[in-house]
Structure formats: C-alpha cells, structure tokens
Protein chains: 2
Amino acid sequence: MSERRGLTPEAVTDAAIDIVESEGAAALTLSRVARALGVKPPSLYSHVDGLEALRRDVAMRTFEDLAGRLGHAAMGRSGPEAIRALAGAMRDFAREHPGLYGMTTRARPDDEQYAAASMRPVEPMLAVLRGYDVAGDDAIHAARTFRAAVHGFVTLENDGGFGLDVGVDESFTWLVDHLIASLEARLAGATRGN
Amino acid sequence: MSERRGLTPEAVTDAAIDIVESEGAAALTLSRVARALGVKPPSLYSHVDGLEALRRDVAMRTFEDLAGRLGHAAMGRSGPEAIRALAGAMRDFAREHPGLYGMTTRARPDDEQYAAASMRPVEPMLAVLRGYDVAGDDAIHAARTFRAAVHGFVTLENDGGFGLDVGVDESFTWLVDHLIASLEARLAGATRGN
DNA sequence: GGAGGATGACTAATGCTATTAGGATACTGC
DNA sequence: GCAGTATCCTAATAGCATTAGTCATCCTCC
C-alpha cells in the first residue's frame with residue numbers, strides 16, 4: 001500500500017477551500033480534507049502544519065482573492081463610482097463565498113505575514129480615498145468607517161441578521177450612498193472639529 | 001456516589017457564560033462546563049439539550065443583556081444624543097464581552113424564538129429612529145445602516161482588524177458622527193431619488 | 001413516617017476528531 | 001543502481017459529544 005498521491009501544500013489548501021465553499025467553515029476538518037484527497041488524516045501533516053495552520057492558509061488565500069476582486073473593481077474608476085464598485089464587489093464576494101468570507105474575521109496576533117495579507121484587501125480602498133483628497137487622519141477614519149459599514153452589512157446579511165430579506169439591496173444602496181455623501185461633505189467642509 | 005447537585009438549566013447556562021467570558025467562545029465545551037459544575041458531562045443532558053442548544057441559550061441570554069444595556073442607554077435621550085449613547089453602549093458591550101458578543105452572530109433558521117430574541121437589541125434603535133421622524137422604508141434602511149456600521153466596527157475591533165489600535169476611539173466617533181449627519185441630512189432633504 | 005415514582009446523577013460504550021510516533025515504500029539525485 | 005529523502009501508511013493516545021442503561025436520592029402522597 002501507500003500508493004503515492006501527488007499532494008502539495010497548495011493542493012491541500014485547494015481541497016480545504018472546496019470544502020469550506022460547499023459545506024461551510026464548520027465542516028473544515030482534517031479528516032474531511034483527507035477523505036476528499038483519498039488519503040489518511042496523518043498524511044496531511046507532511047504538507048500542512050495541522051488544522052489551525054490550514055485554516056490560516058485558507059484565510060490567506062481568501063485575502064488574496066478578495067484583494068484581487070477589489071483591485072479589479074476599483075481599476076479605472078474614481079470617486080463615488082469607485083466606492084460604489086468597491087462596496088458592491090465586497091458584498092458580492094461575501095455572498096458568493098460566505099464560508100470563506102467568514103474565515104477571514106479572526107485575529108492572529110504574532111503572525112506578521114497574516115497581518116500583512118489581511119491588509120491587502122484594504123489597499124484598493126485606501127487608493128480610492130487617496131484620490132478623494134482626504135487628509136491623513138481623515139483617510140484612516142474614512143477607510144475604517146467604510147470597511148466597518150460594508151463588513152458589518154455583509155456579515156449581518158450572511159448570518160440572516162436582517163430577518164426577512166425584503167429590501168436588502170435597497171438598504172445596501174442607502175448605506176453606500178450615505179457613506180459617499182459623508183465623504184463629500186467632509187471634502188467640502190475641509191476640517192470640522194471632533 | 002451521585003450526590004445530587006442542585007443543577008438547573010439556568011445554572012448550566014450561567015456556567016457556560018462564565019466560561020465564554022473568561023476563556024472565549026471556542027472554549028465552550030460540555031466537558032468544560034461539566035468540570036466547572038463538578039459533574040460528569042452526560043449529567044448535563046438532564047438540563048440542556050446538547051452543546052448546540054447550550055450555545056443557543058448563551059446567545060439568547062446575551063441578546064437580553066445587550067437589549068437591556070441599549071434600552072438603558074436610550075432612556076431619556078433622543079436625537080443625536082440617543083444615537084451616540086446607543087452606539088457607545090453597543091461598543092462597550094462588545095469590548096467588555098467579546099466572547100459573548102461573538103456568539104450572537106449566527107443564523108438559526110426555523111427558530112422563531114431565537115429570531116425574536118435577536119431582534120430585541122434592535123428595538124431601542126428603532127425607537128430612537130422613530131423619534132427622528134424618518135419615514136417607513138427609510139427607517140428600515142437607516143436602522144440597518146446604523147446596525148451594520150456599528151456591528152462591523154466593533155467586530156473588526158474585537159478581531160484586531162484595525163492593526164495597531166491607534167486612534168480607534170476617534171474613528172468610532174467619526175463613524176457615529178457621520179451616521180448622525182446622514183440622518184439629519186435625510187431629515188432635512190425629505191426625499192431624494194435613488 | 002414510610003412506600004413509590006420521578007429526577008438527576010453515574011458508568012460504560014460508541015464514534016468522531018486531532019495529533020504523534022514509527023515504519024515501509026516510492027521517487028530523486030548522483 | 002544506490003543512498004537519501006519525502007510521502008504515505010498503521011497504530012496509538014487523548015479529548016470531544018452523545019446515547020443507553022443503572023442506581024441512588026429526593027419529593028410526594030398516603
């Protein structure tokens with residue numbers, strides 16, 4: 001026995017992602033991944049450093065994917081149009097990949113690589129805001145507000161937090177429009193206290 | 001053996017809450033709860049319908065607590081002051097009880113009691129918006145936006161999503177101020193397209 | 001106050017999970 | 001062709017949830 005499969009760390013992560021996509025984040029176990037790859041659980045330890053590391057890898061890949069989608073959405077756009085595109089892309093991603101999206105919300109202190117990866121999806125947003133000509137601190141506050149609002153929205157939506165799904169699209173449009181309006185007011189009013 | 005402890009479903013939930021508070025949501029296991037209560041794991045099944053039901057009970061209690069805090073914060077206030085108080089109370093709760101707060105974000109389809117409980121913290125917000133004189137659909141959109149923004153913010157904050165903690169208080173103030181400004185603009189401008 | 005039923009604890013057992021240790025086999029480089 | 005390494009395996013340990021079945025204890029009713 002022990003017919004050698006051509007496993008690699010990437011293939012293991014691929015399988016893990018498939019499982020999260022089709023069965024949800026809770027279904028991601030090493031046993032489940034091993035079964036999907038036609039291998040026994042202990043064999044995975046040649047490629048991955050345990051379940052926790054595998055979860056991390058999935059999250060890292062998700063950051064890359066999401067960053068790519070957001071970068072693409074922002075490309076060639078600016079101002080309100082760019083913001084709308086970013087918000088829409090973020091929501092689309094979360095709805096298409098709820099399991100993966102959920103795996104990205106998790107602190108991993110002392111993991112700099114992870115911290116850096118988690119910031120990659122934020123970059124397109126910062127780029128757009130830079131084009132908006134918002135000053136230093138305000139850019140940070142604006143980015144955090146945008147991110148929090150959109151993240152909160154799609155999280156609640158994914159978790160069924162809005163009760164009946166009536167008018168959720170409109171609510172999202174409302175939210176994004178108000179973010180944009182806020183930014184433009186800030187832009188016009190220069191600096192205001194507090 | 002089998003000295004009878006005075007266990008009740010409430011006591012079991014209490015113990016579970018203590019564990020979540022002190023060790024995080026991931027540490028909530030039936031074994032851990034049983035140990036804390038000086039009992040063997042199977043004994044818990046006389047009081048609770050398994051781990052999943054216990055998680056549900058913890059979430060239900062948390063909804064009550066949070067609703068109470070929010071109701072208290074909104075009491076005797078209105079307008080921007082009320083919104084600021086609600087947002088602050090929500091953030092404070094999430095920071096004081098990160099484990100519990102995290103357990104409330106989870107869909108449980110086909111559980112009407114849970115759905116009802118999950119809506120209780122939203123009520124103070126709706127009450128405040130009602131005082132704001134925002135019309136039907138707008139009230140819903142505004143409530144969702146407010147909830148999403150604050151929820152997203154405290155979630156990201158709890159998960160360390162903001163990188164260094166510099167200026168997070170200011171960012172939160174910024175976010176709340178903009179929500180309020182949006183509402184007041186909407187109030188003044190009556191109806192606008194889109 | 002004592003009998004009897006309900007309740008709540010237990011032990012034993014099953015089956016899932018992650019993880020480590022140690023052995024065998026296929027591939028790779030020389 | 002052979003040595004070394006990488007990748008698979010089996011075996012084992014340990015922790016988890018959960019069910020079944022047992023027995024003591026408490027409460028109630030007479």
Side-chain angles (χ1 to χ4, degrees), chain A residues 1-61 99 102-103 106-108 110-111 114, chain B residues 1-61 99 102-103 106-108 110-111 114:
Chain A
M1 276 107 232
S2 65
E3 281 298 307
R4 197 170 269 209
R5 320 298 283 220
L7 285 194
T8 63
E10 289 71 33
V12 175
T13 307
D14 286 346
I17 289 174
D18 283 351
I19 291 165
V20 172
E21 292 263 47
S22 57
E23 303 168 38
L28 179 60
T29 67
L30 289 182
S31 290
R32 185 74 196 69
V33 173
R35 213 175 309 140
L37 291 168
V39 129
K40 302 292 175 183
S43 307
L44 296 177
Y45 285 82
S46 299
H47 308 284
V48 166
D49 211 22
L51 176 62
E52 204 42 51
L54 182 58
R55 290 207 185 106
R56 191 198 95 119
D57 292 343
V58 170
M60 296 275 280
R61 283 267 286 272
M103 295 200 64
R106 169 85 177 282
R108 290 174 207 267
D110 313 328
D111 185 341
Y114 184 85
Chain B
M1 277 109 232
S2 66
E3 282 296 307
R4 198 170 267 213
R5 321 298 282 222
L7 284 194
T8 63
E10 290 70 33
V12 175
T13 308
D14 286 346
I17 289 175
D18 282 351
I19 290 165
V20 172
E21 292 263 48
S22 57
E23 302 169 38
L28 180 58
T29 66
L30 289 183
S31 290
R32 185 72 195 71
V33 172
R35 213 175 309 140
L37 292 168
V39 130
K40 303 290 176 184
S43 306
L44 296 176
Y45 285 83
S46 299
H47 307 284
V48 167
D49 211 22
L51 177 62
E52 204 41 50
L54 181 57
R55 290 207 186 105
R56 190 198 96 119
D57 292 344
V58 170
M60 296 275 281
R61 283 266 286 272
M103 295 201 63
R106 168 87 177 281
R108 289 174 207 267
D110 315 329
D111 185 341
Y114 185 85

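First the proteins, then the strands, lettered A, B, ... as listed; each starts at 1.
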(request) Mind calculating the distance between CG (L44(A)) and P (dC8(D)) to the nearest angstrom? (result) 9 Å
(message) With a 6.0 Å cut-off (strictly less than), is the heavy-atom count around CG of D49(A), excluding the residue itself, greater than 12?
(response) no
(message) Expressed as a whole number of angstroms, how long is the span from R4(B):CZ to dA9(C):C1'?
(response) 7 Å
(request) Find the distance L51(B):CG to dT19(D):P and express it as a whole number of Å. (result) 12 Å
(message) So if I take every side-chain heavy atom of V39(B) and compare against dC10(C), dG8(C), dT18(D), which nucleotide ends up nearest?
(response) dC10(C)
(request) Using whole Å, report how far CG of L7(A) lies from C1' of dC27(C). (result) 15 Å
(message) Show the nearest heavy-atom pair for residues L30(A) and L51(A), with the distance to one decimal.
(response) CD1-N, 3.7 Å
(request) Compare side-chain N and O positions of S43(A) against OP1 and OP2 of dC9(D) and report whether any pair is under 4.0 Å apart. (result) yes
(message) Checking D18(B) now: which residues fulfil salt bridge (charged side-chain N to carboxylate O under 4.0 Å, His left out) with it, not counting sequence neighbours?
(response) none
(message) Using OP1 and OP2 only, check whether a side-chain N or O of R5(A) sits under 4.0 Å from dC9(D).
(response) no
(request) Kindly say if S31(A) contacts the phosphate of dA18(C), meaning a side-chain N or O under 4.0 Å from OP1 or OP2. (result) yes
(message) By the 4.0 Å heavy-atom rule, please label R35(A) as base, sugar-phosphate, or nothing.
(response) sugar-phosphate
(request) Please name the pair of heavy atoms, one in V58(A) and one in A16(A), separated by the smallest distance, quoted to 0.1 Å. (result) CG2-CB, 3.8 Å
(request) Send over the distance from K40(B) NZ to dA17(D) P, rounded to a whole Å. (result) 14 Å
(message) Please confirm whether the shortest side-chain N or O distance from H47(A) to OP1 or OP2 of dC8(D) is below 4.0 Å.
(response) yes
(message) What is the distance, to the nearest angstrom, from the OH atom on Y45(B) to the P atom on dA9(C)?
(response) 15 Å
(request) Could you state the atom-to-atom distance from CG of L54(B) to C1' of dC16(D) in whole Å? (result) 14 Å
